[in-house]
Amino acid sequence: MLSVLGPLESGWLVQGPKVEEFEEKWSEFTGAENSIALTSCTSALHLSLAALGFGSGDEAIVPAFTWISTANVVEHLDGKVVFCDINLETFNLDFDQIESKITERTKAILPVHLFGLSADMNPIVELARKYDLWIVEDAACGFGARYKGEHVGTFGDTGCFSFHPRKAITTGEGGMVTTNDGELAEKIRRLRDHGAAMTDLQRHLGARPYLLADHPEAGYNQRMTDLQAALGSAQMDRAQDIFLERRNLAQRYDRAFASLDWLRTPYVHSDFDHGYQSYPCMFMPEEVTDGSMEEINSKRNAWMDDLQKSGISTRPSTHAVHTLNYYKSKYELEPGDFPNANFADQCSISLPLFHGMKGEEQDYVIEKVLAYQS
Ligand SMILES: *Cc1c(COP(=O)(O)O)cnc(C)c1O
């Protein structure tokens with residue numbers, strides 16, 4: 001709480017010293033060369049694509065199971081969304097299907113590190129090089145997520161993180177771009193601040209603070225406030241503890257549910273350090289197929305109702321974007337066009353996981369899950 005008093009007392013409320021401090025801590029934690037704080041992950045994805053030069057008629061490959069904004073930013077830039085199905089075990093892009101989606105107009109791949117599990121980045125990076133495509137990583141849930149030891153957000157042209165309250169580090173609303181490309185970082189910094197050649201902080205610290213900056217481009221206003229950055233910066237002092245606590249909770253669930261054949265717990269593999277933004281499971285009292293999906297879905301929903309009555313909040317892990325009305329009608333898509341994304345939408349369930357969760361709270365969830373009778 002005290003951290004937000006600093007900006008209030010100093011009077012510097014918007015994108016000043018606290019934003020710089022938060023960005024430095026973010027770069028240190030992720031190993032990225034540059035971090036740029038913004039108003040949300042959605043604006044991070046948007047400004048990344050805008051800064052790279054993605055524009056009208058360009059195509060971007062987006063997983064069909066993700067939060068809707070991964071696709072929306074492509075629409076905002078007048079591009080075309082090309083959905084790709086996911087792997088049901090990881091909930092991430094099915095690598096084997098990506099190449100067949102590439103056309104002459106493809107400019108970018110937007111791999112998502114869903115729920116804190118990295119996408120399989122080496123082959124994706126290789127494919128992008130082969131076809132000269134940009135990679136903008138949707139690392140909204142990616143805090144603490146590593147692939148072969150490297151933090152997500154450092155593989156593509158940019159990585160985009162979210163500080164929405166559903167994520168491990170939160171500033172209310174907020175986002176961050178990471179990039180190892182210094183010029184691209186400068187461009188994104190200008191775009192977030194009305195295209196100004198100089199930030200307000202630089203101007204105020206300079207020799208003639210009373211003169212306004214030039215604006216070489218028509219930018220946006222996507223600046224984070226120093227109040228939000230103070231919150232984020234304080235959490236970064238505990239970043240490793242937050243990551244470890246979430247992982248311990250997840251491993252406790254893993255052990256408790258290891259023998260359940262009707263609940264598939266999150267993917268575990270030594271190349272992928274899961275950040276556990278959430279604990280996404282597949283509810284599968286039988287194999288999920290076209291024929292069984294509807295019944296499994298209604299059983300899952302009934303189970304979610306029961307858990308809710310016991311005071312346990314669960315959610316479908318996220319949504320299949322191609323089934324949402326805007327995309328369904330604009331691109332004339334059917335749920336079965338991306339069957340795994342649809343199965344995940346209908347049969348996934350995320351169990352409660354948050355740092356600060358007490359042992360007895362988790363025991364209660366475990367007890368109720370184990371008591372389920374299908
Ligand atoms: C949360 C989330 C977003 C959006 O983040 P905001 O900061 O709310 O804009 C985008 N993509 C994924 C995968 C997310 O989970």
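What you see is a predicted model, and the numbers here were worked out from it, not measured in a lab. Values below: all heavy atoms of this structure, side chains included; hydrogens, waters and symmetry mates excluded. All ligand and atom numbering here is 1-based and tracks the order in the structure.
Under a 4.0 angstrom heavy-atom cut-off, G175 registers as lying outside contact with ligand 1. Heavy-atom distances between A44 and ligand 1 stay at or above 4.0 Å for every pair.
Looking at T158 and T179, their side chains never bring a donor and an acceptor atom within 3.5 Å of each other.
Side-chain contact check for D306 versus Y372: every heavy-atom pair is 4.5 Å or farther apart. Residues Q346 and I296 have side chains not in contact (no heavy-atom distance under 4.5 Å, counting atoms from C-beta outward).
Between F257 and Y253, the angle of the ring planes stays under 30°, which puts this pair in the parallel group of the 30/60° scheme.
Atoms of ligand 1 found under 4.0 Å from any heavy atom of G174, numbered from 1 in the order shown, are 7 (O). Residue V112 has at least one heavy-atom neighbour below 4.0 Å for each of these atoms of ligand 1: 13 (C). If you number the atoms of ligand 1 from 1 as listed, the ones under 4.0 Å from a heavy atom of T66 come out as 13 (C). For ligand 1, the atoms lying closer than 4.0 Å to a non-hydrogen atom of S40 are 7 (O), 9 (O).
Regarding atom 12 (C) of ligand 1, its nearest protein heavy-atom neighbour is A140 CB, 3.4 Å. Atom 4 (C) of ligand 1 has its closest protein heavy atom at S69 OG, 3.5 Å. The nearest heavy-atom contact from the protein to atom 9 (O) of ligand 1 is T42 OG1, 2.5 Å. Closest protein heavy atom to atom 7 (O) of ligand 1: S162 OG, 2.7 Å.
Using a 4.0 Å cut-off between heavy atoms, C41 contacts ligand 1 through both its backbone and its side chain.
The residue from E104, K107, E99 that alone fulfils the side chain to side chain donor-acceptor pair (under 3.5 Å) condition with Y131 is E99. Exactly one residue among E245, R247, R246 makes a side chain to side chain donor-acceptor pair (under 3.5 Å) with H355. That residue is R246. Remark: of the listed residues F83, F343, F91, F91 is the sole one forming a ring-ring contact (aromatic ring centres under 6.0 Å, His included) with F65.
Checked against a 3.5 angstrom limit, the closest N/O atoms of C141 and ligand 1 fall outside it.
Comparing heavy-atom distances from atom 2 (C) of ligand 1 across H46, K167, E173 singles out K167 as nearest. Across L110, D138, L45, heavy-atom proximity to atom 11 (N) of ligand 1 is greatest for D138.
Y276 has its ring centre no less than 6.0 Å from the ring centre of F115. In this structure, F22 has its ring center closer than 6.0 angstrom to the ring center of F163.
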